[in-house]
Amino acid sequence: MATNNGSTPKNITASDATLAITQIRSTVGRKPKHRETVRSLGLKRIGHTVTRTADESTVGMINTVRHLVTVEEVNNG
């Protein structure tokens, strides 16, 4: 799902996939809603990666803070 330049695609859709979400930018100086969303995803610092399923709530959070994170699809095979 990640593009060549390291940014997150414009809109990620819900599916059965597993996503690796990595924080790449700081939340300092961001809107409180964005800081809370990054924390709700389980991210604690720049470079921290979490694995989540691509359900509707997770996808919505990712689309809200896509400028602060990168997303890659994890191969479970």
| Main-chain N/O of K44 paired with H48 side-chain donor or acceptor, under 3.5 Å | yes

| Within the distance-only criterion (no hydrogens, no angle test), does the side chain of Q23 pair as donor or acceptor with the backbone N or O of R25 below 3.5 angstrom? | yes

| field | Heavy-atom closest pair, residues I46 and S26 | value | CD1-N, 3.7 Å

| Which value, rounded to the nearest 0.5 Å, describes the distance between D55 atom CG and M61 atom CE? | 7.5 Å

| note | What one should report as the nearest heavy-atom pair of L19 and E73 is CD2-CA, 4.2 Å

| request: State the CD1-CZ distance between I21 and R66, to the nearest 0.5 angstrom. | output: 14.5 Å

| said: Whether the side chain of R35 engages the backbone of R30 through a donor-acceptor N/O pair (distance < 3.5 Å, no angle test) should be reported. | reply: yes

| Got L68 and V38 here, is their nearest side-chain heavy-atom distance under 4.5 Å? | yes

| Considering all heavy atoms of both residues, which atom of R52 and which atom of S40 are nearest to each other, and what is their separation? | NH1-O, 3.4 Å

| field | Gap between atom CD of E36 and atom OG1 of T27 - 0.5 Å precision | value | 11.0 Å

| field | Main-chain N/O of A54 paired to T58 side chain as donor or acceptor, under 3.5 Å | value | no

| query | Say you draw a straight line from CG of L41 to CG of L43; how long is it, rounded to the nearest 0.5 Å? | reply | 5.5 Å

| Does the N63 side chain pair with the main chain of I12, one donor and one acceptor, at a distance under 3.5 Å? | yes

| message | For T64 versus H67, what's the shortest heavy-atom pair and its separation? | response | O-CE1, 3.7 Å

